[in-house]
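Everything below concerns the one structure shown next.
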4 protein chains.
Amino acid sequence: MNEYSFKSKTRRCAIKKRGRKKSPEKRRNITQAAITVFSRVGYHKARIKDIAKISGVAEGTIYIYFKNKEDLLISIFKEKTRETIEFFKSEVQKEATPLDKLKRLISLHLETFEKEKDLARLYQLELRQSVRLTKEYFKVEHKEYLDLMGEIIKEGKEQGVFRKDINESIVKRVIFGAVDEVITTWVVSSKEYDLTSVYEPLTDVLLKGLLNPEK
Amino acid sequence: MNEYSFKSKTRRCAIKKRGRKKSPEKRRNITQAAITVFSRVGYHKARIKDIAKISGVAEGTIYIYFKNKEDLLISIFKEKTRETIEFFKSEVQKEATPLDKLKRLISLHLETFEKEKDLARLYQLELRQSVRLTKEYFKVEHKEYLDLMGEIIKEGKEQGVFRKDINESIVKRVIFGAVDEVITTWVVSSKEYDLTSVYEPLTDVLLKGLLNPEK
Amino acid sequence: MNEYSFKSKTRRCAIKKRGRKKSPEKRRNITQAAITVFSRVGYHKARIKDIAKISGVAEGTIYIYFKNKEDLLISIFKEKTRETIEFFKSEVQKEATPLDKLKRLISLHLETFEKEKDLARLYQLELRQSVRLTKEYFKVEHKEYLDLMGEIIKEGKEQGVFRKDINESIVKRVIFGAVDEVITTWVVSSKEYDLTSVYEPLTDVLLKGLLNPEK
Amino acid sequence: MNEYSFKSKTRRCAIKKRGRKKSPEKRRNITQAAITVFSRVGYHKARIKDIAKISGVAEGTIYIYFKNKEDLLISIFKEKTRETIEFFKSEVQKEATPLDKLKRLISLHLETFEKEKDLARLYQLELRQSVRLTKEYFKVEHKEYLDLMGEIIKEGKEQGVFRKDINESIVKRVIFGAVDEVITTWVVSSKEYDLTSVYEPLTDVLLKGLLNPEK
DNA sequence: CATGAATGAGTATTCATTCAT
DNA sequence: CATGAATGAATACTCATTCAT
């Protein structure tokens, strides 16, 4: 594609790939290495040198793909969250009723984090390392998740499946908070048990509440 | 020979010990200054020098009262959480029914953090800065809070106020998670609104659930 | 002797000794503790706090008896060297001939350091930690030792026991250097063997030289 | 594909490796600056910042070439001693007789230190700053020097030039100690006189001893 | 005199980021 | 584009010395 590399008389040497454009593969390697390292030792103790070594690139190369260390962290969250939310949305849409949609969303949330343990650790423990990240995340990605849930609830209210007197804005937080806490417990507990096993009791109490209806 | 040393009721003249004594007031000053600085810029960017300046002591003095920076952070959490949980327990015991106890606990949680905004910020955002802290906190203090809630729920189940088929271990996390998320949202949102205003809708959904009972 | 301590209404409590003057015993304790600590970890890594603890006094007390840490080190050398040199002189004078005097001096040097191992360590390894100390020591105490040896040699030359064509100033250094090196080797070697056992071969070569007289 | 990489005689383009290379010159500059600074103010008071400034590199650069401050000191001794001993060995071998070899070795010792005054200061005064260094030095480099001397003496004994009843192990120390003491005196005395001027009287007494053979 | 809490100057080392090759 | 040597700001912590009691 780019013939320069062949004819060049300069020190420009053999290059595997055809061009000299940023390689998406290299970017992915870096991202994956960063997830591993950040998850293993935490953002602040993570060293760029280690991320470079694991991704198989030089330190400087990381700065070609990311502005700086914080940007690397933020990019991971942005990209992963975007992917995940898109996936959640598309899956949820396949369900017919608001109740099924809600259940599916909770279920997906649990399954996803169970599958990607390193990422789970990042979300539950490292997300708050950067003020900028925290603020942006809570205003954009996190909000989007909550909005998705809000819509489902709204729909449920309109259809009469959910109580009409509930406060959507609170309920979505209640549900997110419940799921989030359950995941954090799992992450901190060294992930010895099955995260999806909490799905049943979790949805049960969220849907039917704590009070005994017979009394 | 010298009877002073035997009759003395204070530690004065117990053979040795003259000179200055460690002052609990100084310790409190340092703790308070640390809460302020940690909350303002975050644990990692906080500088011992600033904490010293604000507490009105020399840098070295901090190391008389605390082993190191991490120990300072950890001590704050341990002490504050202990105080708070004791307070929660004593207040909750004043209530007659499990339902009132639960409501009171949630209410206290919200009120306490609303009153001490800096501390709230620490709990919601800085708690996870230290691996050691996170682990210990989740195993001790956090657990104790959950246990308190667990007992209330158990009592409620026995009295038939709460549903008998619920999973206590999950429910306590659901409630904690819900409250916690609501507080985090408040902290991140720059605390513009009244945290206690969420008490009503929050307890409502937790108690009665999401589903419309008529359907 | 001093009744103040009994009648005093102030915080002045029972005091073992009669007076409140600087106690020579306390001074000795500090000196001895310092020798131990300096010898064990070296001057620069030695901490006043440890010396205080071992001597059984408070940190501040050390500063009543010594100006500062360097002064403590220097005082030890001055005092110990003075004592030792006086002792050497008096012992040497008991000998009749220059040859016996010289032998006795070397013998004393070896014996003294063998007996006080901690002190030996200080002299062989720590003496050069302080520029001031090094300079003073080499100009005063070390010189005095060399002078004593110089006199003996001079006397020996005059009596014809020692060669008349030797250079006193060099010879005294040669002998000191030889003894000193032998002691250093012993100190560094963890003092596993008997220092006095080198006396015979050491004096033999110093007195008769290396060359084979038959050739 | 690209033949450069195969034909290149330098390490240029061997697949990877571009960018700056560690420069031996830079290492030398740091070493030389360290010798100067260590000699001027002593190891403990020497500041890395100053060594960096004098070598014309950044502070961090020093840590690319040396593990830490102590390693810098140790490396200097190891490298310089190695060089010097190799030089001594090769020079000594040029001499025919054991006597000439011994004289040459003493002469070289004096000349070398006279030429490199800063280094002399380091050897005579700073060598004992680090326990690790002292121990290693006395077990390796110092020993090697003594061994060289020991071999010469042994050879001399066998040839009958030196007395057969002398103790090699002591004699080598006597000679080293004598030379060493003479150098230390010179270093401490601010090096006002000519070190090589002591060569004659020094060897004279070492070879012929102190006693008057006529008596 | 004695105490030990308080002080604060002093610095080796790390590591994100840059830049010559 | 890629490299990794070079940079240098930034800071927790120590410990000799002081001083209030």
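Every chain is numbered from 1 and lettered A, B, ... according to where its sequence line falls, protein lines coming before strand lines.
- With sequence neighbours left out, C:Ala33 forms a side-chain contact (heavy atoms from CB on, under 4.5 Å) with C:Ile51, C:Ile54, C:Ser55.
- Sorted by first and then second residue, the pairs that involve residues 46-65 of chain B and meet salt bridge (Lys or Arg N to Asp or Glu O under 4.0 Å), not counting sequence neighbours, are B:Arg47-B:Asp50.
- Take D:Ser130 and apply the side-chain hydrogen bond (donor to acceptor under 3.5 Å, both in side chains) test, not counting sequence neighbours, and it matches D:Glu70.
- Near DNA chain E, defined here as any heavy-atom distance below 4.0 Å, there are no residues from residues 33-48 of chain C.
- Every side-chain hydrogen bond (donor to acceptor under 3.5 Å, both in side chains) that D:Glu126 has, sequence neighbours left out, goes to D:Gln129.
- Atom CG of B:Asp50 and atom P of F:dA10 are 13 Å apart (whole Å).
- Applying the side chain to side chain donor-acceptor pair (under 3.5 Å) definition to pairs two or more places apart or across chains, those involving residues 34-43 of chain B are B:Ser39-B:Asp118.
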With Watson-Crick and G-U wobble geometry limited to distances under 3.5 Å, how should the secondary structure of DNA chain F be encoded in dot-bracket form, using | for bases paired to another strand and [ ] for crossing pairs? .||||||||||||||||||||
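- Close to F:dC15, at under 4.0 Å from its OP1 or OP2, lies no side-chain N or O of C:Lys49.
- Non-hydrogen atoms lying under 4.0 Å from DNA chain F are contributed by B:Glu59, B:Tyr63, all within residues 53-64 of chain B.
- Judged as a salt bridge (charged side-chain N to carboxylate O under 4.0 Å, His left out), and not counting sequence neighbours, the contacts of D:Glu136 are D:Lys78, D:Arg132.
- Applying the side-chain contact (heavy atoms from CB on, under 4.5 Å) criterion to B:Val41, with sequence neighbours excluded, gives B:Val37, B:Lys45, B:Ala46.
- Counting only residues at least two apart or on different chains, the ring-ring contact (aromatic ring centres under 6.0 Å, His included) pairs with a member in residues 52-77 of chain B are B:Phe77-B:Tyr123.
- Residue-to-nucleotide proximity on DNA chain E shows that, of B:Lys22 and A:Lys67, the 5′-proximal contact is made by B:Lys22.
- D:Phe66 comes within 4.0 angstrom of nothing in the nucleic acid, heavy atoms only.
- The interatomic distance linking A:Asp71 (CG) with E:dT18 (C1') rounds to 17 Å, in whole Å.
- Side-chain proximity of A:Lys26 to E:dT13, F:dA2, F:dT17: nearest is F:dA2.
- Under the side-chain hydrogen bond (donor to acceptor under 3.5 Å, both in side chains) criterion, C:Arg27 pairs with C:Glu79, sequence neighbours left out.
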